[in-house]
Amino acid sequence: MAGDKPKEPKEPMNAPGPSPGKVRAGMGDVGAEAVEIYSDEDHARAIGLWSILTPDGKADPAQVPQVEPTGWLAMYRGMLLIRLLDERLMTLQRQGRVGFYAEARGQEATVIAPVAALEAGDWIVPSHREGGAALYRGLPLAAYVAQIFGNVHDIGKGRQMPVHPAAPRELRFLPISSCVATQLPQATGIAWAAKIKGDKTVVLAYLGEGATSAEDFHTGVNFAAVFRAPVVFVCVNNQWAVSTPAAAQSASETFAVKALAYGIPGVRVDGNDPFALYAATRQAAERARRGQGPTLIEAVTYRLGAHSSSDDPDRYRAPAEVETWAAREPLIRFQAWLKTAGVLDDAREAEMRADLSRDIRDAVAANEGQPPPPLRSLIEDVYLRPPRALEEQLADLQRVRAGLP
Ligand SMILES: Cc1ncc(C[n+]2csc(CCOP(=O)(O)OP(=O)(O)O)c2C)c(N)n1
Ligand SMILES: [Mg+2]
């Protein structure tokens, strides 16, 4: 993949597709002599690395997005909550109290900053590490933890593997699904429907860099591009797809550059920089809201933890690589800036940590040992009246559970 030379886009992504004067590839252009699909600037945006906040927490004030101090604090809190939850839940998994867990450690900025840049009515279509975005939107922590235990309080009725939360409909957060890339055509469908209805809704669709190799990536992005559906695709390039490194995932220069072939802007951003991510998402969302179609943002970050609690990354990657990226992680640099800017101090930070840790302890205590959802829920919510075969299978299961012959 391209080197990480910081390169800021020369101009915002405000062009409605390829610049005027360029010949667009397409049915009507077949046979055109000179086909220029994108400009050097478009290409530079897609292979550079846009960053505002340096790894040691410094930023040019002129480039910092205009956000109230309370907004920055809410974002920091959202990122810290993910970090503390991951630590606690991984411990519970190792203790055998939770069946499975998957961390977002090191990627917290990619989960929170794009969501913070949306309007409340915009949809979030997550990949599989963005549960923290639902919490940021207002999913109660107890509901999130109930899903991990798959107990009677789980909104999803224990139907999904742990860390695949759903949220109440009004939060506009699609339930997490593990099937790689399947969320992308769904995101495009939601956005296209909004466009047809004349809603000003934007859809934020997450994917991992590994998902760019799946058919649904092409289907979702191509359809959104052709129909100018209001989607912001955020490709979280955390360098690994289980044990497959990003360099073995694609022969493209970068993941963002793939956007240009679809005729949409691609922008490559430092994914551990909440400011650049916020600014890039905001620009892309505004563009989409103006009817100018989708954008593909590549957020360059690193999965500091294992793929999941079932994975041992020491078998396929060097500890030195992890250490290099740990020094660039998003929480330390954001915290450094917040303290220099006078938005946060040591006492407030300690209080925030203590509050969040207590909330996590309470949420676990309220959910551990709770009964599973009723057996009957196995056959509910699909048919108005479950067919007789399902009723019979349920009755069999109930007999077995009761130890009856
Ligand atoms: C269609 C499909 N194929 C394979 C898997 C197994 N699987 C789960 S996550 C994953 C890797 C995804 O990598 P990436 O898209 O980079 O996301 P990351 O895990 O790094 O967040 C794979 C292969 C799956 N869940 N679905
Ligand atoms: Mg990945």
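Please read all numbers here as calculations on a predicted model, not as lab measurements. When reading the values below, keep in mind they use all heavy atoms of this one structure, side chains included, and skip hydrogens, waters and symmetry mates. One-based numbering, in listed order, for ligands and for the atoms of each. The chain is numbered in sequence order, starting from 1.
- Under a 3.5 Å cut-off, the side chain of Thr301 and the backbone N or O of Gly106 do form a donor-acceptor pair.
- Residue Gly208 approaches ligand 1 through these ligand atoms, each under 4.0 Å from one of its heavy atoms: 14 (P), 15 (O), 16 (O), 17 (O).
- Scanning all protein heavy atoms for the shortest distance to atom 25 (N) of ligand 1 gives Ser178 O, 2.8 Å.
- A donor-acceptor pair under 3.5 Å is absent between the side-chain atoms of Arg83 and the main chain of Arg105, judged by distance alone.
- For atom 21 (O) of ligand 1, the nearest protein heavy atom (residue, atom name, distance) is Arg129 NE, 2.8 Å.
- Nearest heavy atom pair, residue Pro65 against residue Trp72, reads O-CZ2, 3.4 Å.
- Of all heavy-atom pairs spanning Pro386 and Arg376, the tightest one is CG-NH2, 4.0 Å.
- Looking at Glu209, its N, O or S atom nearest to the Mg ion (ligand 2) turns out to be OE1.
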Asp355 vs Arg77, salt bridge (Lys or Arg N to Asp or Glu O under 4.0 Å): CA-CA, chis, key distance, verdict:
CA-CA 10 Å; Asp355 286 352; Arg77 187 183 181 282; over 6 Å; no
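- At the top of the distance list for atom 23 (C) of ligand 1, counting protein heavy atoms only, stands Val242 CG2, 4.1 Å.
- Nearest protein neighbour of atom 9 (S) of ligand 1, counting heavy atoms only, is His307 CE1, 3.3 Å.
- Other residues, nucleotides and ligands contribute only 12 or fewer heavy atoms inside 6.0 Å of the CZ atom of Arg169.
- Remark: minimum distance from atom 14 (P) of ligand 1 to any protein heavy atom is reached at Gly210 N, 3.5 Å.
- In summary, Asn237 places no N/O/S atom under 2.8 Å from the Mg ion (ligand 2), failing the contact criterion.
- Close approach of ligand 1 to Cys179 (heavy-atom distance below 4.0 Å) involves ligand atoms 26 (N).
- At least one N/O/S atom of Trp240, whether from backbone or side chain, sits less than 2.8 Å from the Mg ion (ligand 2).
- Looking from atom 12 (C) of ligand 1 to the surrounding protein, the closest heavy atom is His128 CE1, 3.9 Å.
- Scanning all protein heavy atoms for the shortest distance to atom 7 (N) of ligand 1 gives Val180 CG2, 4.0 Å.
- Side-chain N/O atoms of Ser39 and Asp42 include a donor and acceptor closer than 3.5 Å.
- The existence of a salt bridge linking Arg317 and Asp312 is excluded, since no basic side-chain nitrogen approaches an acidic carboxylate oxygen closer than 4.0 Å.
- The contact set between ligand 1 and Asn238, taken as ligand atoms under 4.0 Å from a residue heavy atom, comprises 18 (P), 20 (O), 21 (O).
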Might you work through the salt bridge (Lys or Arg N to Asp or Glu O under 4.0 Å) test for Lys157 and Asp154, ending with a clear yes or no?
CA-CA 5 Å; Lys157 305 187 186 178; Asp154 174 15; over 6 Å; no
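- Ranking protein heavy atoms by distance to atom 13 (O) of ligand 1, first place goes to Ala241 CB, 3.2 Å.
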